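Please read the structure below before turning to the comments.
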Amino acid sequence: MNEIMEIAKEYGIPVVEDAAEALGSTLDGQGMGTFGDLGILSFNGNKIITTSGGGALISDNEDYIKKARFLATQARDNAPHYEHTHIGYNYRMSNVCAAIGRGQMEVLQDRVDQPEV
Ligand SMILES: Cc1ncc(COP(=O)(O)O)c(C=O)c1O
């Protein structure tokens, strides 16, 4: 990641870091998923923690997150009726899955600390 980010910085390339399987792991003390301009995490059932499906997009760039949230929630215009001037998606995580995920976050460190079998 350090080499990728160095090259990306030199050439002005935005990096989307696919950390789907890496939640809970670190490199030089920094959490995986936090190196790129955007990071993605998977909460699919085969991952270290799960919401049954879905994942998360993470960034410290508020504009990226605002845009992603807009696109992921059908890209509705600010109108009392359904009106769209952008193509949007229905990618929001349900409240129920999010609640499961919040509970799962509490066991993340235990899972990381588990000895290999
Ligand atoms: C590196 C990587 N990217 C993306 C994915 C896809 O994640 P999801 O199953 O949540 O779509 C996986 C799943 O295993 C993965 O390992």
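As a basis for the values below, the full set of heavy atoms in this structure was taken, side chains included, without hydrogen atoms, waters or symmetry mates. All ligand and atom numbering here is 1-based and tracks the order in the structure. For this chain, numbers begin at 1 and follow the sequence in order. Just so it is clear, the model here is predicted, and its values are computed rather than measured.
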Please report the shortest heavy-atom distance between [X] and [Y], naming the atom on each side.
X    : Y   : result
F70  : R76 : CE1-O, 3.3 Å
M32  : L41 : O-CD2, 4.5 Å
R111 : I48 : NH1-O, 2.8 Å

Q.
Considering non-hydrogen atoms of the protein only, which is the closest contact for atom 16 (O) of ligand 1, and what is the distance?
A. E21 OE2, 2.6 Å
Under 4.0 Å from a heavy atom of [X]: give me the atoms of ligand 1 that qualify, with their elements.
X   : answer
N44 : 9 (O), 10 (O)
S42 : 7 (O), 8 (P), 9 (O), 10 (O)
A20 : 2 (C), 3 (N), 4 (C), 5 (C), 12 (C), 15 (C)
D18 : 1 (C), 2 (C), 3 (N), 4 (C)
K47 : 13 (C), 14 (O)

Q) Is atom 11 (O) of ligand 1 less than 4.0 angstrom from at least one protein heavy atom? A) no
Q) Is there at least one protein heavy-atom neighbour under 4.0 Å from atom 6 (C) of ligand 1? A) no
Q | Main-chain N/O of F43 paired to T50 side chain as donor or acceptor, under 3.5 Å | A | yes
Q: Return yes if some donor-acceptor pair links the side-chain N/O of D37 with the main-chain N/O of N61 below 3.5 Å, else return no.
A: no
Q) Looking at OH of Y91 and CG of L71, how far apart are the two atoms once the value is rounded to the nearest 0.5 Å? A) 10.0 Å
